[in-house]
Engineer: 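Quick one: structure below, then a few questions.
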There are 2 protein chains.
Amino acid sequence: MASSIHDLARHLNISIGTVSRALNGRADVNADTRQRVLEAARKLNYSPNQSGRSLRQGATRSIAFMLQPHPGDQQYGEPFFIPFLTGLQARLAEHDLDLMVVMGEPGQYQQERLRRVVETRRADAVVLANTRREDDRIEYLSKAGFPFATLGRSQSGGDTYPSLDIDFERAGDEAVDRLVARGHRRIAAIRPSLDLNFGYLFLDGYRKALKRHGIEVDPDLIADGFINETGGYQVTPQVMRSRNPPTAIIFNNDAMALGGCKALAEMGIKPGHDMAVIVIVDTPLCRYFSPTLTAFRPSLEPMGRRLAEMLLASLPAFAGPEGTRIIREVWPLELIARESD
Amino acid sequence: MASSIHDLARHLNISIGTVSRALNGRADVNADTRQRVLEAARKLNYSPNQSGRSLRQGATRSIAFMLQPHPGDQQYGEPFFIPFLTGLQARLAEHDLDLMVVMGEPGQYQQERLRRVVETRRADAVVLANTRREDDRIEYLSKAGFPFATLGRSQSGGDTYPSLDIDFERAGDEAVDRLVARGHRRIAAIRPSLDLNFGYLFLDGYRKALKRHGIEVDPDLIADGFINETGGYQVTPQVMRSRNPPTAIIFNNDAMALGGCKALAEMGIKPGHDMAVIVIVDTPLCRYFSPTLTAFRPSLEPMGRRLAEMLLASLPAFAGPEGTRIIREVWPLELIARESD
DNA sequence: CGTTTTTCCGTAAACGTTTACGAGAACACA
DNA sequence: TGTGTTCTCGTAAACGTTTACGGAAAAACG
């Protein structure tokens, strides 16, 4: 059915070696022969079989993206992976690379899926998302010497891999800045209780800004909860019950913010009126919630494209003549001012 | 680095044929030998190279999922693909199948990406989403004899492929039913202007229910627009300007509903108060919008799993001894009553 | 003990590529 | 004409599997 390089060779009465060289643009083939090969390839509708190619070259030309759902994640998952994936895939496709999506089992730090991809050599490299502060996937890939890049930083693995992250520290800082400028002194911070690295970065920025403004950090105003609506709903009252309740809350996650606002509403507190609310990562939900939520927005599709570039720059097979580079970048977020603060 | 079947053979002083047979559970290998092979495989950390396997067997053990963004789609894409993909991938993984994600170029009906996957044999089958009423991807795959399944029906390709769809017709019907029961007689329907098949199905249900209730279909109350917020925003005033404006609107898309509500608000009309609003496919946005939007909700993750099963049942390599079957299913939606109607 | 059957394993080909190597022909140069 | 160079191509091996085939040894059977 599908034509192979042998079919072309037989059809043209030349050897398969020449056909292959002609197709791959090698120099040692007569211009006329090459022309005939290309024509025949078009006529016979030839495309190289990727399995054969992979086997010979030891490279699959596909990149695995591993997405690890959080335990207890809500039905629709993290909305921002689609645009990120779009960018990632677009740039990879320009290099004729495929994107394989691997999802971990929710609820556990599973390496099994990852291990399978690596050991059966189904992909040439891996992109990790949802990086933990200490991430066993990173440890594993580092030790295995398998190329990878991450969306988000981690304390694991050192600086040996490319990573692209959002500047959560600066966002936490700016959020406090903005609230202080609007007269707030009692500012709460609510973040996920998971080991997710961004939760730590966010808190660093939050603390730094408070110090700069000479405001003492009150542990009662910092709380961790499940990274979903329920988490925000459960943990917000906790902060409100402190001896000296906050007048503003920064949520480190959109879903938690929605749950938190629900809790506030039930306590008769109106976000944007009686309580300032800022969300660190903007999603469409923030735009449509009532009140609309002030939030920091990342540019996801460009990030996807950029991380693809960074990964490729670290791979010997794709890096230019100037050699491989490990690039790490931290991108700023754009503040979208809305009604809630 | 990675050990091959040759390493095992050398290590055990037997032939590679025997090793392969032992690993694959073939009968013609001594129980004792098999034991030794399995142990050695574990010790040497052996996993079969997928490229070699694919080449020999003519099957890649990976399934491609093609997602085609709509022209002018908003930043975050369709939120429901992540849970669907989760289910799809989970079931495929149980059969040791990988999931490859292929995104078409937004704005065009591009077959190029698809063609590449098929012709270079990078996947054993394809899953299509965003099916059009007349879908050239389906035509192409049918003609090429390449196995595929679709999320959503189409008029293309006949009944030769498995498909799983949501019962948009019934949802349109039920929405009208519900509105009529609440006293409405002037009910508008707003759907995307694209060739997307669900838009037609929805309208069929809408018309059917109106007829059953003896209400004449008013063409002025049916409008098409871009499948995003802007589309809803632009087209809603159009319906409102009709000689006999509606008292209720059914939106066939969540983003269009949000845009529509914005337009209504600007006209001084309050959804859920002065105007009943129902949305056909529920997303988290519907739950957080103010007012919360009554909507029909699909169960996406189970659908993903089910479509994987249906696809596998149609593939000779995976169908059980009872042979391959083409399964087509249409799943009902669950009405989530909220404040907007 | 001779014959047949069964058990087990090695050999080798095949999947579709790429590529190192070498060889023949053409050409340049003296 | 002899030698060296360049151009072009064919040959064959290699990547890591699976599997058809055949054969030797062991077991079963009379």
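Just so it is clear, the values below take in all heavy atoms, side chains as well, and ignore hydrogens, waters and symmetry mates. Since the structure is predicted, the reported quantities are computational estimates derived from the model, not experimental observations. Every chain is numbered from 1, with letters handed out A, B, ... down the list of sequences.
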Engineer: Give a yes-or-no answer on whether the side chains of B:T86 and B:E301 include a donor-acceptor pair shorter than 3.5 Å.
Structural biologist: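 The criterion, which ignores hydrogens and geometry beyond distance, is not satisfied for B:E301 and B:T86.
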
Engineer: In terms of relative ring orientation, are B:F318 and B:H95 parallel, tilted or perpendicular, with 30° and 60° separating the classes?
Structural biologist: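 Plane angle over 60°, so perpendicular.
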
Engineer: Between B:N30 (CG) and D:dA26 (P), how many Å, whole number?
Structural biologist: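 The distance from CG of B:N30 to P of D:dA26 comes to 12 Å, rounded to the nearest Å.
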
Engineer: Specify the residue among A:G17 and A:A31 whose closest nucleotide of DNA chain D lies further upstream toward the 5′ end.
Structural biologist: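 Counting from the 5' end, the first nearest nucleotide belongs to A:A31.
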
Engineer: Kindly indicate whether the side chain of B:R56 and the base of D:dT17 share any N or O donor-acceptor pair separated by less than 3.5 Å?
Structural biologist: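 For B:R56, whose side chain was compared with the base of D:dT17, there is no donor-acceptor pair (under 3.5 Å).
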
Engineer: Using a cut-off of strictly less than 4.0 Å, decide whether A:T18 has a side-chain nitrogen or oxygen near OP1 or OP2 of D:dC9.
Structural biologist: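 Answer no for this pair, as no side-chain N or O of A:T18 is under 4.0 Å from OP1 or OP2.
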
Engineer: With nearest nucleotides of DNA chain C determined for B:R34 and A:R26 from heavy-atom distances, which residue corresponds to the more 5′ nucleotide?
Structural biologist: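 Final value for this comparison: B:R34.
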
Engineer: Of all the nucleotides listed (C:dG16, C:dG10, D:dT18), which has the minimum atom distance to the side chain of B:I5?
Structural biologist: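 Nearest to the side chain of B:I5 among the choices is D:dT18.
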
Engineer: Between A:S20 and C:dT18, is there a side-chain N or O to OP1/OP2 distance below 4.0 Å?
Structural biologist: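 Yes, such a contact exists.
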
Engineer: Round to a whole Å and report the spacing from CZ of A:R61 to C1' of D:dC15.
Structural biologist: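 Interatomic distance, CZ of A:R61 to C1' of D:dC15: 17 Å.
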
Engineer: Take the protein atom CG of A:L23 and the nucleotide atom P of D:dC9, then report the distance between them rounded to whole Å.
Structural biologist: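 After rounding, the reported distance stands at 13 Å.
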
Engineer: Starting at NE2 of A:H6 and ending at P of D:dG10, how long is that distance when rounded to a whole Å?
Structural biologist: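 In whole Å, D:dG10 P lies 13 Å from A:H6 NE2.
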
Engineer: Respond yes when some side-chain nitrogen or oxygen of B:T33 is under 4.0 Å from OP1 or OP2 of C:dC9, and no when none is.
Structural biologist: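 Checking B:T33 against C:dC9: at least one side-chain N or O falls below 4.0 Å of OP1 or OP2.
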
Engineer: Going through the distances and angles, do B:E139 and B:S156 end up as a side chain to side chain donor-acceptor pair (under 3.5 Å)?
Structural biologist: CA-CA 6 Å; B:E139 305 278 2; B:S156 300; 3.3 Å; yes

Engineer: Grab the CG-C1' distance between A:D28 and C:dG24 for me, whole Å please.
Structural biologist: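 Whole-Å distance recorded here is 15 Å.
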
Engineer: Taking 4.0 Å as the cut-off, does a side-chain nitrogen or oxygen of B:R21 come that near to OP1 or OP2 on C:dC8?
Structural biologist: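 Looking at the OP1 and OP2 atoms of C:dC8, neither is under 4.0 Å from any side-chain N or O of B:R21.
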
Engineer: Can you tell me how far C1' of C:dC15 sits from CG of A:D7, to the nearest Å?
Structural biologist: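 Distance check: A:D7 CG to C:dC15 C1' gives 13 Å.
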
Engineer: Distance check needed: D:dA12 C1' versus A:I16 CD1, whole Å only.
Structural biologist: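 These atoms are roughly 9 Å apart.
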
Engineer: How close or far is atom C1' of D:dA14 from atom CD of A:Q57, stated in whole angstroms?
Structural biologist: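 To the nearest whole Å, that distance equals 13 Å.
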
Engineer: Under a 4.5 Å cut-off applied to non-hydrogen side-chain atoms, are B:S51 and A:T60 in contact?
Structural biologist: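 Yes. Closest side-chain heavy atoms under 4.5 Å.
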
Engineer: Is the phosphate of C:dC15 approached by A:N49 (side-chain N or O, under 4.0 Å from OP1 or OP2)?
Structural biologist: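 Result: no.
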
Engineer: Please work out if A:T120 contacts a base, only the sugar-phosphate, or nothing of the nucleic acid, heavy-atom cut-off 4.0 Å.
Structural biologist: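 Contact class for A:T120: none.
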
Engineer: Assess whether a salt bridge exists between A:D135 and A:R137, defined as any Lys/Arg side-chain N lying under 4.0 Å from an Asp/Glu carboxylate O.
Structural biologist: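 Salt bridge between A:D135 and A:R137, a charged N being under 4.0 Å from a carboxylate O: yes.
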
